[in-house]
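It should be emphasised that the depicted structure is a prediction, and the values quoted were computed from it without experimental measurement. This chain uses plain numbering: 1 for the first residue, then up along the sequence.
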Amino acid sequence: MSTADLDIGREALISAAAKFTMSAFGFVGVIIFARVLGNAGVGRYYTALAIAMVLVRVSAGLGKAIKKRVSEVDVDPAEYLGLGLAAHILYVGVVAGVFVVVAPFLPFQGITTDEVLGIVLVFSTVGSFQILNRFYAGIGFPGRSFWLDTGRSVVTLLFQVALLAVGMESFGILLGLALASLVSAVVALFVTGVKPALPSRETFDYTGKFARWSIPMSVVNDLYKRMDPIIIWLFAGTGAVGFYETALRLVTPAQQLTASISNPLQVKVSGRSSLGEDVRDDVANAMSYAGLLAIPMFFGALALPDVLMRTFFGAEFGPGGPALVGIALFHVVYVYEIPLESAISGTDRPELTFRVSLLGLVLHVPLAVFLAQQYGLLGVVGATLVAEIVMFAGYQYISLEVFDGVVFPKPIAAQVASGLAMFLVVSQVRDAVALGHWAPVVAVIGVGAAVYFAVLAVTSAHFRLTAGNVLGPVYRQVLARTTAGSDRTEG
C-alpha cells in the first residue's frame, strides 16, 4: 500500500490505543517514583532526563529526516537505515568523549555522579531507538511503531521498579530506561525487515536536504521543552521541578492523542504531496480532534487542581495544583500546533517549522528566566503559555501559504462548549462530595468525562460522524471474529 493512501483514522486509532497504554504505564511509574523518591528525588531524575533528552534530539532530528524520505513513494529504504545507524554511532562516540572530558567542570548542582553516567547511557540508547522506530513508521507502519514504543514503556517500568527495589534510586530509573531502550532498538531493527545498506552519495545528499532543517528543529524543539525543568531547577530547586513534572504527567494523554493523529498525518501528507495532491482536508480533519482531550483536561484541572495532585502523587504534591492549571492551559494551545507542524514538514518544508520553533525558543528562554526570578515555578509556566500562543500564531500564518488559509475547524467550538459544561457540573459535584480519598475523586473524574462526551455527542454532528467512521470498522471486525469463533465452536 502506498503511503499516499494511508487510512489516517485507522492508524490514529491504533496509535492512540498504543499511546494511552504507554501513558498508563508511564503514569504508574511516576506515581511509584513520587512515593519512593519524594518530590526532591523525582526532581533530580527529571532534571537529569531533561539533559539527556536534549542530547538525543540530534539523532531524533535525523530520524525525522529518514522517516520523511522513506515515506515518499518509490524509494529504497535500506540505504536510509544504514545512514541513520552509522550517523548515530558516530554522534554517540563524539558526544560521549566530550562528556567524559568536560563533565567534571559542569555545574551539575543537585545531581550525583551516577546520574551523570545515567545521562550518557540514556541519550545513546534512546537515540538509537528513535532512529529505528521513526524509520519503521516511515515505511508505512506508524500505528505499529507506537505499539513498539509502548512495549518499550512496559519494559522500562519493569526494569525501573526492579532497580528501585534494590536501592538504586534516581540512577536506577535512568538505567532502567537505557536498558529498555537498548532492547527495544534491537527489536525495532528486527521487525522492520530491512537490512541496513551502505548509503550512496545521492542518499546522503537527499537526506541532508531535509536533515539540515529537521535536526536543528528537533534540537530547538526539545531544548524549548526541556528548558522549563532546567530553568525551574536553577531558580526554584529540584522540588519545584518535581511539581512541574508530575503535573505534566497528568495532562500527557492529551498530547498522546494528538501525536497519534499527527504521526500518520505526516506520513500521508508526505506521500500525497510527493504526488502533487492536495492535503488541506486531511490537515483540517486532524486539527478537528487535536484538542479532544486537552480541552476537558484543562477544565478538569481548573476544577480540581490540588485534589488531583494530592490524590495521585501524595499530600506533599498538593501545592503543585496552580502549576497543573497553567500546564493544562498551555497544552490546549500546544496540541493544535502538533498537526500543523507535522503536516508542514510532510510537504517537505522543514525550514518553515524550524523558524517557528526558533522563534519560540528565543522568546521563551529570556522571558522564563525573568519571570522565574520573580514568580518561580509559575513564572516559567506563564512564559511557556506566552511562547505557545506565539508559535501557534506562527504556524497559522504559514498555513496561509502552504494550505491556502488558516486551519481552525468548527468542531473545536463544540469541544470548548462541552468542556465548559463539564467544568460547571464537576464544580457542583466537588462542593457536595468529600474528596479525601481516591475513590470519590475517580468517580468525580468519571462524571466529568461522561458529561463532556455526552454534550459533545449531542451538539456535534461532526463528532458523531467521525466516531462512526473510526469506530464502526473496529466494531464490525470484532463482531465478525466473535461470530466466526461461535461458528467454529458449534461446528
Give me the atom names and distance for the closest heavy-atom approach of Leu81 to Pro196.
CD2-CG, 3.8 Å

Measuring from Thr156:OG1 to Ile173:CD1, what's the distance to the nearest 0.5 Å?
11.5 Å

Heavy atoms of Leu148 and Ala188 approach each other most closely as CD2-CB, 3.4 Å

With a 3.5 Å distance limit and no angle check, can you tell me whether Gln396 reaches the backbone of Val407 through a side-chain donor-acceptor pair?
yes

Could you check whether any side-chain heavy atom of Val120 comes within less than 4.5 Å of a side-chain heavy atom of Val95, counting everything from C-beta outward?
no

Report yes if the distance between the aromatic ring centroids of Tyr289 and His462 is under 6.0 Å, otherwise no.
yes

Donor-acceptor pair, side chain of Glu401 and main chain of Tyr397, under 3.5 angstrom:
no

Should the ring pair Phe392 and Phe408 be called parallel, tilted or perpendicular, given that the plane angle runs from 0 to 90° and is split at 30 and 60?
perpendicular

Quick one: closest heavy-atom pair of Val356 and Gly394, and the distance?
CG2-C, 4.1 Å

Would you compute the distance between atom CZ of Phe317 and atom CG of Leu250 and round it to the nearest 0.5 angstrom?
11.0 Å

Taking all atoms of both residues into account, what is the closest heavy-atom pair of Ile327 and Ala247, and its distance?
CD1-CB, 3.8 Å

Would you check if Tyr91 and Phe123 make a side-chain contact, meaning some heavy-atom pair closer than 4.5 Å?
yes

Do His331 and Phe298 have side chains that get closer than 4.5 Å, going by heavy atoms?
no

Contact between Leu234 and Ile230 at the side-chain level, heavy atoms closer than 4.5 Å - yes or no?
yes

Under 3.5 Å donor-acceptor, Tyr395 side chain and Pro339 backbone:
no

Return the OG1 to CG distance between Thr203 and Leu198, rounded to the nearest 0.5 Å.
9.5 Å

Here the pair of heavy atoms bringing Ala48 nearest to Leu174 is CB-CD1, 3.9 Å

Side chains of Glu388 and Tyr224, donor plus acceptor under 3.5 Å:
yes

With rounding to the nearest 0.5 Å, note down the distance linking CD1 in Ile344 to CZ in Phe354.
14.5 Å

Polar side-chain atom of Thr125 near backbone of Leu121 as donor-acceptor pair, under 3.5 Å
yes

Indicate the atoms forming the closest heavy-atom contact of Val390 with Leu363, along with that distance.
CG2-CD2, 3.6 Å

Any donor-acceptor pair under 3.5 Å linking the side chain of Thr192 with the backbone of Tyr136?
no

Thr347 side chain near Phe403 side chain, heavy-atom distance below 4.5 Å:
yes

Going through the distances and angles, do Arg134 and Ser145 end up as a side chain to side chain donor-acceptor pair (under 3.5 Å)?
CA-CA 7 Å; Arg134 294 187 183 204; Ser145 73; over 6 Å; no

Test item: Arg249 side-chain N/O and Glu245 main-chain N/O as donor-acceptor pair under 3.5 Å:
yes

Could you give me the CA-CA distance, side-chain angles and deciding distance for Ile389 and Leu385, then say whether side chain to side chain contact (heavy atoms under 4.5 Å, CB included) is met?
CA-CA 6 Å; Ile389 292 172; Leu385 175 60; 4.2 Å; yes

Any chance CD of Glu202 has more than 12 other-residue heavy atoms, nucleotides or ligands included, within less than 6.0 Å?
no

Gap separating the CG atom of Leu371 from the CD atom of Gln374, nearest 0.5 angstrom:
7.5 Å

Is the side chain of His88 donor-acceptor paired with the backbone N or O of Ser59 at a distance under 3.5 Å, no angle test?
no

Measure the shortest side-chain to side-chain distance between His364 and Asp228 over non-hydrogen atoms and say whether it is less than 4.5 angstrom.
yes

Salt bridge Arg355-Glu351, side-chain N to carboxylate O under 4.0 Å:
no

Got Arg152 and Val126 here, is their nearest side-chain heavy-atom distance under 4.5 Å?
yes

Please tell me if the side chains of Phe463 and Leu292 come closer than 4.5 Å, counting only heavy atoms from C-beta onward.
yes

Stepwise side chain to side chain contact (heavy atoms under 4.5 Å, CB included) test for Tyr336 and Thr258:
CA-CA 8 Å; Tyr336 288 109; Thr258 311; over 6 Å; no

In sequence, state the C-alpha distance, the side-chain angles, and the governing distance for Phe235 and Val380, and then conclude on side chain to side chain contact (heavy atoms under 4.5 Å, CB included).
CA-CA 10 Å; Phe235 291 96; Val380 176; over 6 Å; no

To the nearest 0.5 Å, atom CD of Gln415 lies from atom CE of Met422 at 12.5 Å

